[in-house]
Structure formats: C-alpha cells, structure tokens
Amino acid sequence: MKKLLIVSHCILNTASKVAMDEKDLEQEYKMKNRLMQRVIEKDIQLIQLPCPEFRIYGSRRWGHVKTQFIHPHFRNECKRMLEPVLLQLEEYLAYPDEFIVLGVVSVEGSPSCGYHLTCVGEWGGELAGDAAKLSETIASCRSAGEPGILMQILEEEFRDRSFDVPIVTVEEAIRMIDS
C-alpha cells in the first residue's frame, strides 16, 4: 500500500518563502528536515500544494497577513490552484486498498498555509509618510489560532467532497509517521 502526504509548498521549496533572515528560519528548517528524513525512510509519496502568495505576488513580495487575503480574488485563485490537487486526492481516496492519504502538512504562522496558527493584522495602505501610523500598523500584527486562507479553503473543499484527510503541523506529521 502506498502512503501519501500532501505538503505545503515551502516545505519542499523554501525559495518560495518571503525573504527574511535565514537565522530566523533555523528551527523551522530543522523540523522540515526531520520530516523529510522520515518521509524518505518510510517511502512516503509527496504531493506539493501550490503557494498562492508566490504565484500571485512573486518572490519580491512583502510579508502579508491573513486579513489582506480575505477577498474574493485571492479566495477564488486559491480554489482554482487547489483543484488539480483535489482531483488527485479524489483518485487516491477512491482506492483505499492501494493508497492511504496520511494528511496535509501546514506551515504554522503562514497567512495562507497555517492551520492552528496564522498571522493577522490591520495591514494595508501606503508605507511611506506617517511613521507613527506605520508603527501602529506593524504593532497590529499578531498570531491568531485559526487557519490561513489556503488551509481554510482546503478544509471547506474536504468537507464539501466528504474527504476524511487531516490537516496537521510538521511536528504532528512526524509523530504520525513515527507511530
């Protein structure tokens, strides 16, 4: 029986992440590497989710918050990008004697791919000008215990299609594979 795991895009391609100090990503990279080692050891097949932020805004984008993505265009683009993955899952789930879909691995804190934790804030407007307003905007950024937009839409699609596929963190995926 083939085991499959669906992973957020940047788990396999860190070049798609918002540019930041790589030192700030050390712990995340260690966990990702542990996950990939387990995947290889256990011969688990991977399906990579699309990265809507990279596809829509490119590699030179600023960091965003979920609040900026709660609009019809971004949601529709996420649905469109997810359709090929959902069709693949439908095929694999149709043959439970041959395939087991272990779950979807989120990237906690991401405004798109976080599941238990995402970033929200009152972002928007011009960056130049009023320094106090800019500081206030930056200070509004916080973590929220809710899914990012892509994971929220993926969860809705799973419910609509009656797919029983869990969405888990990297740490939860490692524990699941090891058990």
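- When hydrophobic clusters are built by joining Ile, Leu, Val, Met, Phe, Trp and Tyr residues whose side-chain heavy atoms come closer than 4.5 Å, directly or via intermediates, V101 is grouped together with F158.
- Linking Ile, Leu, Val, Met, Phe, Trp and Tyr whenever their side-chain heavy atoms come within less than 4.5 Å puts I153 and I167 in one cluster.
- A donor-acceptor pair is defined here as one N or O able to donate and one able to accept, closer than 3.5 Å; such a pair exists between the side chain of H64 and the backbone of W62.
- The ring of H9 has its center no closer than 6.0 angstrom to the ring center of F54.
- No donor-acceptor pair closer than 3.5 Å links the side chain of Q152 to the backbone N or O of I149.
- Within the 4.5 Å cutoff, the side chain of L5 has no heavy atoms near those of the V104 side chain.
- What you find for A144 and V120 is that their closest heavy atoms are CB-CG2, 3.9 Å.
- Counting non-hydrogen atoms of other residues, nucleotides and ligands closer than 6.0 Å to OH of Y95 gives a total of 12 or fewer.
- Surrounding CG of D164 are at most 12 heavy atoms belonging to other residues, nucleotides or ligands under 6.0 Å away.
- One N or O on the side chain of T118 and one on the backbone of S110 form a donor-acceptor pair closer than 3.5 Å.
- Side-chain atoms of E108 come within 3.5 Å of backbone N or O of H116 as a donor-acceptor pair.
- Without hydrogens or angle criteria, S143 side chain to L117 main chain gives no donor-acceptor distance under 3.5 Å.
- We find that R161 and E156 are not joined by a salt bridge, their nearest charged nitrogen and carboxylate oxygen being 4.0 Å or further apart.
- A donor-acceptor distance shorter than 3.5 angstrom exists from the side chain of S140 to the backbone of E122, with no hydrogens or angles considered.
- Although no hydrogens or angles enter the test, the distance criterion places no donor-acceptor pair under 3.5 Å between the side chain of R38 and the main chain of L35.
- Using cut-offs of 30° and 60° for the angle between ring planes, the F99 and Y92 rings count as perpendicular.
- By the rule that hydrophobic residues join a cluster once side-chain heavy atoms approach within less than 4.5 Å of another member, I44 and V168 end up as members of one cluster.
- L12 and Y29 fall into different hydrophobic clusters, defined by Ile, Leu, Val, Met, Phe, Trp and Tyr side-chain heavy atoms under 4.5 Å apart, directly or through other members.
- In this structure, M176 is a member of the same hydrophobic cluster as V107, with clusters built from ILVMFWY side-chain heavy atoms closer than 4.5 Å.
- A donor-acceptor pair is defined here as one N or O able to donate and one able to accept, closer than 3.5 Å; such a pair exists between the side chain of T169 and the backbone of E172.
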